[in-house]
Amino acid sequence: MWHRRFLVASALAIFAAGSISATETLVSNQEEFRDAVARAGPGDVIVLANGVWRDFEILFAGNGEPERPITLTAETKGQVVISGQSNLRLAGSHLVVSGLVFRDGYTPTSTVISFRRTKGEPANYSRVTETVIDRFNNPERHEIDFWVLMFGRHNRFDHNHVEGKGNLGVTMAVRLDGEENQRNHHHIDHNYFGPRPILGSNGGETLRIGTSHYSMTDSLTVVENNVFDRCDGELEIISNKSGGNVFRGNLFLESRGTLTMRHGNNAVIEDNVFLGNGVPNTGGIRVINKGHVVRNNYLHGLTGYRFGAAFTVMNGVPDSPLNRYHQVEDVLMENNSIIQCDYIEMAGGSDEERSATPIDSVFRSNLVFNRDGNNVIRVHDDIGGIAFEGNAANAVDDLPVKSGFSNAPIEMRQADNGLWYPVGADLASIGVRADLKVLDVDATGVAWYPKPGSSQATPPTIRVTPGEDALFDAAKRAEAGSILELAPGDYRVRKTIVIDRPLTIRAGQGRGTVRLEFERPALFELDDGGRLELSGLEISGAASPDMSGNSVIRTSRYSMTSNYGLVVDDCLVSDLDVNYLFNFFLVAKNTFADEIRITRSEFSDITGSVIALSRETDDLGRYNGEEISVVDSRFSNIGGAVFDIYRGGTDESTFGPRLELRSSVLDSVGHNARNKTAASIRLLGVQLADIHDNDFIDSRPIRVTHTVGDPITRIANNRFTGTPEPIVGEIGAP
């Protein structure tokens, strides 16, 4: 049964404003909720009882009044969990939703929260606040959905916590399709946009406003005082694709990508703070189109390059269609501080298609400071259309912009707001203002839901001794972060060990004291949430079944929305040769590694590959792993390629894959007749490859194929004995 409490105003208020009684209704099931919504009027409050509401498609429709909205809230904020196949739609006017948590499920439609019922029935003057969406992911990695879609006009999304989108689709988008959704004046503020893992594909933006089709239409959305914390989905953290939007006072923390003016004109980008802390691929602001004002932004410790640089001014396409690159025109860039960043790109993306250089633009009173004095400004085309005025650089030897910069040593000092400023009255007007405020992370999101931290508690250690199923049982009961320390001896594993949380398995007394054999087609399987570190182990495939497709480690054979990691240190792997295609590591389609790292290890007698990240063959810009590093290791008698890494297509929205191979030996690699790569290392579409100080002995060649972007391939100081020279080419080249 549901009940009502009548809140009656004072007699004086009733006399002044008429009868304004409001009803608060506590509901305990979906039928009661629907009945309460049907009865609700201005000022009424519908309260969801604490607990888990499973498979709940919430339609919250009604019409409140400016000072008397209809409210949907939780009995206790944070204690109403919407799970299973659930979502929320708002329709009408003056509606407020607060206090809900979407977790442990996914939307059965295309949206988790939508500000409309269906086309032509939007919500206006409505608000979603103090609501959480946490890892509410479709189980299929490349099944697209959106977590929040804003339609209508004058809506607000504020003080929400949004974290962990792992499947394809923009986390939050403002849509302009239909007159009722344009010139909307939405407000997106004080939200905590938490970590979004690397998607390895286009379609991983955290926030998008508009689409290319409506990019010449004004949205007039204000995005201010939000935190974007480790939002790594793809190159564009925020994708502006409409006109007249404002991005103000936001804080970007260690996020890989940029605030991108992808389409649309007349945006204002001001008072934002970007802190990269040296994290790879962290970026700042990318300028495209015309009429923008980019001022008083602070960018520090950003390492990204090309389209992901700290500051990029793009070339455009002459007479560009809506979905390509419009020329930069009439853009004002002033009083920005770009400090200890790796790259500033001028006329970025210049090529045969993108040949329209920036025009009628101004770059003035900006501070470019790097302690080492190295030049970080890269000029790719004619930048005569940018007027450089009153900027300052720190004694750069080869500054490519000869006018409009002072270029002398600069002393810097850290202010009370934590930001760095130049010392001296003559530089007081250079860079960001002294009163720039850095957004307090705790002022965003909700107080009652924890934000993910980077610090980890000391992991527990579980000591394991040889015995039937001893390792399997220990791994099954271990909590996340545990270290399984193996006593000396032989371990024969009868069942595949599923890794669905971070675990470390190490030899307690170092390599040579612990030997693992396994009787199933795989020793370990990495599932959602898994990260595996192996240290000091000897692993043999001699006891494995005689069947094709065995592996020491494999990913789940199903789509994974959580990225995994794999670290192998000081291990010896051998005898993967009981059949003709035995791999060390085997991945499935729609799985993705943040990191694969091998150090001080030896691999021998393997009929297949060591690391094959080559299952995304649809040529859509997708790939299977971001950072692959192998250092000080040896590979002997490997039938397939040691690495087979594939990223096809021409999409430019991602950073990887990235490979390092250093100080290692490849001896007799690639000679299996079934090795279709005809290579010891096959890299297709890899964006950064660094192969140096290695020995290649009696092996097939390195084969590198460049596909898109400005890939960097460094092959240096290697020794090739009985091995052909590397073959490096472009896609489509003979």
Side-chain angles (χ1 to χ4, degrees), residues 252 254-258 273-287 294 297-315 333-350 358 363-383 386 388-414 419-424 426-427 430-432 627 655 658 660 662 687-690 692-693 709-717:
F252 296 80
E254 298 183 7
S255 289
R256 302 183 183 218
T258 63
V273 175
F274 297 77
L275 301 178
N277 296 326
V279 171
N281 297 320
T282 46
I285 298 168
R286 184 157 66 116
V287 178
V294 184
N297 299 284
Y298 184 90
L299 308 102
H300 194 145
L302 306 173
T303 63
Y305 72 102
R306 197 172 178 259
F307 294 178
F311 202 100
T312 300
V313 181
M314 290 287 294
N315 260 20
M333 299 159 277
E334 65 177 356
N335 288 106
N336 302 288
S337 293
I338 307 170
I339 299 173
Q340 289 300 114
C341 294
D342 288 357
Y343 293 100
I344 296 170
E345 308 276 356
M346 293 291 174
S350 175
F363 189 90
R364 73 182 177 208
S365 301
N366 299 290
L367 172 66
V368 179
F369 179 89
N370 282 65
R371 291 190 186 90
D372 56 16
N374 286 340
N375 171 53
V376 299
I377 301 176
R378 303 203 304 181
V379 178
H380 302 276
D381 208 329
D382 179 16
I383 54 172
I386 304 175
F388 293 88
E389 303 170 357
N391 304 287
N394 182 41
V396 176
D397 290 337
D398 54 349
L399 191 67
V401 184
K402 303 305 181 185
S403 63
F405 272 88
S406 64
N407 189 21
I410 298 174
E411 181 184 353
M412 299 287 286
R413 180 178 299 156
Q414 192 172 25
L419 308 182
W420 290 83
Y421 293 85
V423 175
D426 57 330
L427 295 175
I430 304 297
V432 298
E627 302 278 351
F655 296 108
R658 301 161 66 95
E660 177 191 34
R662 172 167 55 87
Q687 294 298 289
L688 178 62
D690 196 351
H692 64 95
D693 296 301
D710 293 326
I712 299 172
T713 299
R714 177 174 178 255
I715 303 175
N717 300 325

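Because the structure is predicted, anything quoted here is derived from the model rather than measured.
To the nearest 0.5 Å, atoms CG (Leu275) and CG (Leu419) are separated by 7.5 Å. Distance CD/Glu334 to CD1/Ile430: 11.0 Å, rounded to 0.5 Å. The distance from atom CG of Leu367 to atom CG of Leu427, rounded to the nearest 0.5 Å, is 7.5 Å. In this structure, the separation between OG1 on Thr303 and CG on Asn281 is 5.5 Å, given to the nearest 0.5 Å. Within the model, atoms CZ of Phe655 and CZ of Arg256 stand 8.0 Å from one another, a figure rounded to the nearest 0.5 Å. Rounded to the nearest 0.5 Å, atoms CD (Gln340) and CE (Met412) are 8.5 Å apart.
For the pair Pro422 and Ile410, the tightest heavy-atom approach, listed with the atom from each and the gap, is CB-CG2, 3.8 Å. Of all the heavy atoms in Cys341 and Gly301, the pair that sits closest is SG-N, 3.8 Å. Between Lys402 and Asp398 the shortest heavy-atom distance is NZ-C, 4.5 Å. Listed here is the closest heavy atom pair of Gly431 and Ser337: CA-OG, 3.3 Å. Contact between Asn394 and Asn370 at its shortest, heavy atoms only, is ND2-O, 3.0 Å. The two residues Leu299 and Ala310 make their nearest non-hydrogen contact at CD2-O, 3.2 Å.
Contact annotation: the side chain of Pro711 never approaches that of Leu688 to less than 4.5 Å [non-hydrogen atoms, C-beta and beyond]. Contact of the Tyr298 side chain with the Ile339 side chain is registered, since non-hydrogen atoms from C-beta on lie closer than 4.5 Å. Phe363 is listed as a side-chain neighbour of Asn391, based on a closest heavy-atom distance under 4.5 Å. Proximity of Phe311 to Asn366: side-chain heavy atoms (C-beta onward) are nowhere separated by under 4.5 Å. The closest side-chain heavy-atom distance from Met333 to Ile285 is not below 4.5 Å. At least one side-chain heavy atom of Ile338 sits under 4.5 Å from a side-chain heavy atom of Ile344. Residues Ile377 and Leu399 form a side-chain contact, since some pair of their non-hydrogen atoms from C-beta on lies under 4.5 Å apart. Looking only at side-chain heavy atoms (C-beta outward), Tyr421 and Val432 come within less than 4.5 Å of each other.
With Asp693 contributing its side chain and Arg662 its backbone, the two residues share no donor-acceptor pair below 3.5 Å. Formation of a donor-acceptor pair under 3.5 Å by the Thr282 side chain with backbone atoms of Val279 is found in this model. Side-chain atoms of Asn407 come within 3.5 Å of backbone atoms of Val396 as a donor-acceptor pair (strictly under, hydrogens ignored). Judged by distance alone, the side chain of Thr258 and the main-chain N or O of Ala309 form no donor-acceptor pair under 3.5 Å. In terms of modelled atom types and a separation under 3.5 Å, the side chain of Asn315 and the main chain of Gly348 share no donor-acceptor contact. Distance alone, capped at 3.5 Å, is enough to place a donor-acceptor pair between the Asn336 side chain and the Asn297 backbone.
Remark: Phe405 engages no residue in a ring pair (Phe, Tyr, Trp, His ring centres under 6.0 Å) (not counting sequence neighbours). For Glu345, the side-chain hydrogen bond (donor to acceptor under 3.5 Å, both in side chains) partners at least two apart in sequence or on another chain are Arg378, His380.
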Intermediate values then yes/no, side chain to side chain contact (heavy atoms under 4.5 Å, CB included), Val401 and Ile386: CA-CA 11 Å; Val401 184; Ile386 304 175; over 6 Å; no

